[in-house]
Amino acid sequence: MTEGKSLYPVIEEVGSAFSAVLAALQGAAFAPSARWQEKAFSELFATPGVTALLGSIDGTPVGFVLARSVADEAEILTLAVSPSCQRRGVARALMEKLMTLLAERETERLFLEVSVNNCPARALYTACGFTCAGTRKRYYEDGSDAEVMVREISSSSGK
Ligand SMILES: CC(C)(COP(=O)(O)OP(=O)(O)OC[C@H]1O[C@@H](n2cnc3c(N)ncnc32)[C@H](O)[C@@H]1OP(=O)(O)O)[C@@H](O)C(=O)NCCC(=O)NCCS
């Protein structure tokens, strides 16, 4: 992979068989206290409404997004991009694909929670059209607040 250039991942929807792949990607991107084990992913896949999109470059997994839908609303549960591939458009590509897919599935609003201290993720979500819908005080284990963000998706992203 060439340093600094935009990446155009192949994005596919994956299921429980990819739990270990998602756990490895998540483990590389998040601090140890925020990492999820493979079991946590496989347990999530056993619940209804879960969508996981995996992005790969030349067959190598580089990032994923995991969301859960209930009726006409969905929530992003986690999102991660390999540190060596960050800031090259992978997360944006995953988010755009997720919003297109959810729009096809008649989802109207997509929510997420992000730490107020997570500047890269907040910048990403703002760039993807999310706006602040509120805060949850001391939501994370480190005591930081969460910003709740939302984006209407049905009309604008259903390409
Ligand atoms: C947040 C994260 C998923 C972003 O992934 P990414 O592939 O690097 O993001 P992209 O390259 O697609 O960035 C798209 C836009 O988001 C914003 N952005 C992303 N990373 C940024 C950073 N470090 N600083 C400032 N803005 C950033 C920019 O607006 C960027 O567009 P630009 O590069 O044209 O300016 C990645 O940093 C990551 O995995 N972080 C650790 C895990 C995490 O925090 N996940 C989110 C939990 S809510």
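As the structure lists them, so they are numbered: ligands from 1, and atoms in each ligand from 1.
For atom 41 (C) of ligand 1, the closest heavy atom belonging to the protein is A29 O, 3.5 Å. Looking only at protein heavy atoms, the nearest one to atom 48 (S) of ligand 1 is Y125 OH, 3.3 Å. Considering only non-hydrogen protein atoms, atom 26 (N) of ligand 1 sits nearest to A123 CB, 3.4 Å. For atom 35 (O) of ligand 1, the closest heavy atom belonging to the protein is R87 NH2, 3.0 Å. Protein heavy atom in closest approach to atom 14 (C) of ligand 1: L124 CD1, 3.6 Å. The single protein non-hydrogen atom nearest to atom 15 (C) of ligand 1 is R92 NH2, 3.6 Å, given as residue, atom name and distance. Regarding atom 39 (O) of ligand 1, its nearest protein heavy-atom neighbour is V81 N, 2.9 Å. Looking only at protein heavy atoms, the nearest one to atom 43 (C) of ligand 1 is F30 CZ, 3.5 Å.
Comparing heavy-atom distances from atom 7 (O) of ligand 1 across A91, P120, A28 singles out A91 as nearest. Around atom 37 (O) of ligand 1, the closest heavy atom drawn from M95, Q86, E96 belongs to Q86.
Under a hydrophobic clustering in which Ile, Leu, Val, Met, Phe, Trp and Tyr are joined whenever their side-chain heavy atoms come within less than 4.5 Å, directly or via other members, V21 and V81 fall into different clusters. Following chains of ILVMFWY side-chain contacts shorter than 4.5 Å, one can reach L7 starting from I11, so the two form part of one hydrophobic cluster.
Close N/O approach between L79 and ligand 1 is found [any backbone or side-chain N/O within under 3.5 Å]. Ligand 1 has a nitrogen or oxygen under 3.5 angstrom from a nitrogen or oxygen of G89. Considering both main-chain and side-chain atoms, A127 never comes within under 3.5 Å of ligand 1 through any nitrogen or oxygen pair.
The minimum heavy-atom distance between L54 and G63, with the atom names listed, is CD1-O, 3.4 Å. Shortest non-hydrogen contact noted between L101 and L53 is CD2-CD2, 4.0 Å. In terms of heavy-atom proximity, S82 sits nearest to L25 at OG-CD2, 3.4 Å.
Contacts between N118 and ligand 1, counted as non-hydrogen atom pairs separated by less than 4.0 Å, involve the side chain only. In F64, neither the side chain nor the backbone holds a heavy atom less than 4.0 Å from any atom of ligand 1.
The contact set between ligand 1 and A121, taken as ligand atoms under 4.0 Å from a residue heavy atom, comprises 1 (C), 46 (C). Numbered from 1 in the order shown, with element, the atoms of ligand 1 that lie under 4.0 Å from a heavy atom of A80 read 39 (O).
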Would you list the atom pairs, donor with acceptor, under 3.5 Å between side chains in residues 129-137 and any protein atom, with sequence neighbours excluded?
residue, atom, partner, partner atom, Å
R136, NE, E113, OE2, 2.8
R136, NH2, E113, OE2, 3.1
K137, NZ, D145, OD2, 3.3

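Residue E106 qualifies as open at atom CD: its count of foreign heavy atoms under 6.0 Å is 12 or below. At most 12 heavy atoms of other shown residues, nucleotides or ligands fall within 6.0 angstrom of atom CD in Q37.
The main-chain N or O of E96 is found under 3.5 Å from a side-chain atom of T100 such that the two form a donor-acceptor pair.
Residue contacts with ligand 1: C119 is excluded, as none of its non-hydrogen atoms falls under 4.0 Å.
The aromatic rings of F64 and F41 sit perpendicular to each other, their planes meeting at more than 60°, with 30° as the lower class boundary.
Side-chain contact, T60 with D58: no donor N or O sits under 3.5 Å from an acceptor N or O.
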